[in-house]
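Working notes for the structure below.
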There are 2 protein chains.
Amino acid sequence: MVTKRFTGSSDEADLRRADSLAREIFSDVANKWALLIIEALGERTLRFSELRNEVEGISHKMLTQNLRMLERNGLAERKVYPTVPPRVEYTLTQPGQALRATVDLICGWTHEYFGHIEGARRRFDA
Amino acid sequence: MVTKRFTGSSDEADLRRADSLAREIFSDVANKWALLIIEALGERTLRFSELRNEVEGISHKMLTQNLRMLERNGLAERKVYPTVPPRVEYTLTQPGQALRATVDLICGWTHEYFGHIEGARRRFDA
DNA sequence: CTGTATCCGTTAAGATACTG
DNA sequence: CAGTATCTTAACGGATACAG
């Protein structure tokens, strides 16, 4: 399991807190929009409006919501330029980049097994 | 992006279909319960009831729902033993195992950056 | 034991409008 | 341009009951 056996504490209650936090982090991160945003930011720093274009189909609301979440977890950094109109840029932090590497692998996996999956679906749906 | 630049076809419409399918696969797979089930099945073949215990907090409904999805996409195999009471075992297929390897990396990432994230949250929430 | 179906509350998510 | 807030609808997800 994801959420088991954390080190650094001898207290049972602490271990349970750590496990539940790990699970929370996993839930935050293991969702479609978050991963697509991370993938987009992996290429380069992007503005809010650029992200909306890059991440196809995401709504204004979901984008801000997920960006706040990524910022809160320290995976993305938000830089505001006090111009008018305002300019806000988002960049992956080092932990964010590390996660991005794993997302790349999932994308690679999708490409590699695309045919297998397409075939499996046809068979199953019959 | 995950869903771009598939090869093997010269037709524009085919490319769009492939992209939307890739996105669909990504959405199926990039969700908390699916990934936790894959992680659990990575260890060994498991029965339905064993999975319910392994994947902490999952409901009967979500488990069947996600198992059907994994089966449909050819990531897990369902083997029924016609005994009474029935015995059903789930195993990862080779594509499923390949995906599991990437899930392992996400889990590893969670462990590695656990402290960073915890700290980032405290700072953000203040 | 495994699986399907139903009910029902909670949350996700789109649309829209409004502020700095 | 970026962000927040509100309203509304759809989807998610849990609990329960029942069938093979």
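Since the model is a prediction, treat every value here as computed from it, not as a measurement.
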Legend entry - Residue-phosphate contact under 4.0 Å: B:Arg78 side-chain N/O, C:dG3 OP1/OP2: yes

Inset, instruction - Please state whether the phosphate of C:dC1, meaning OP1 or OP2, lies under 4.0 angstrom from any side-chain nitrogen or oxygen of B:Arg47. - result: no

Inset, instruction - Could you tell me from which nucleotide to which nucleotide of DNA chain D, 5' to 3', there is an atom under 4.0 Å from chain A heavy atoms? - result: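 So the outermost contacting nucleotides come out as D:dC1 to D:dC7.
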
Inset, instruction - Quick one, give me the B/S/- string for nucleotides 4-20 of chain C, reading 5' to 3', where B means a protein heavy atom under 4.0 Å from the base and S means that only happens at the primed atoms, P, OP1 or OP2. - result: B--B-----BBB----B

Inset, instruction - State whether a side-chain donor-acceptor pair under 3.5 Å links B:Tyr90 with B:Glu50. - result: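 Per modelled atom types, B:Tyr90 and B:Glu50 side chains form no pair under 3.5 Å.
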
Inset, instruction - Have a look at the helix from C:dC1-D:dG20 to C:dG20-D:dC1 and give the angle its two end axes make, five pairs each, rounded to 10 degrees. - result: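 Terminal axis comparison yields 40°.
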
Inset, instruction - Assign A:Tyr90 to base, sugar-phosphate, or nothing according to its heavy-atom contacts below 4.0 angstrom with the strands shown. - result: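 Sugar-phosphate only.
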
Exam field: side chain [X] to backbone [Y], donor-acceptor pair closer than 3.5 Å:
X        : Y        : result
B:Thr64  : B:His60  : yes
A:Trp109 : B:Arg100 : no
A:Thr102 : A:Ala98  : no

Legend entry - Reported CG-to-CE distance for the pair A:Leu67 and A:Met69, which is rounded to 0.5 angstrom: 9.0 Å

Inset, instruction - Answer yes or no: is there an ion pair linking A:Arg121 with A:Glu118, defined by an N-O contact shorter than 4.0 Å? - result: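 Looking at A:Arg121 and A:Glu118, the cut-off is not met.
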
Legend entry - Lys/Arg-Asp/Glu bridge criterion (N-O < 4.0 Å) met for A:Arg23, A:Asp19: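 Result for this pair is no, no salt bridge flagged.
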
Legend entry - Atom-pair distance (CD on B:Glu89; P on C:dC1), nearest Å: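 The answer, rounded to whole Å, is 15 Å.
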
Inset, instruction - Verify the neighbour count for atom CD of A:Glu71: are there more than 12 heavy atoms of other residues, nucleotides or ligands below 6.0 Å? - result: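 Yes, because the 6.0 Å sphere around CD of A:Glu71 holds more than 12 heavy atoms from other groups.
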
Inset, instruction - Would you indicate whether the side-chain heavy atoms of B:Asn73 and B:Val29 approach each other to under 4.5 Å? - result: no

Inset, instruction - For the pair A:Tyr113 and A:His116, name the ring-plane relationship: parallel under 30°, tilted 30 to 60°, perpendicular over 60°. - result: perpendicular

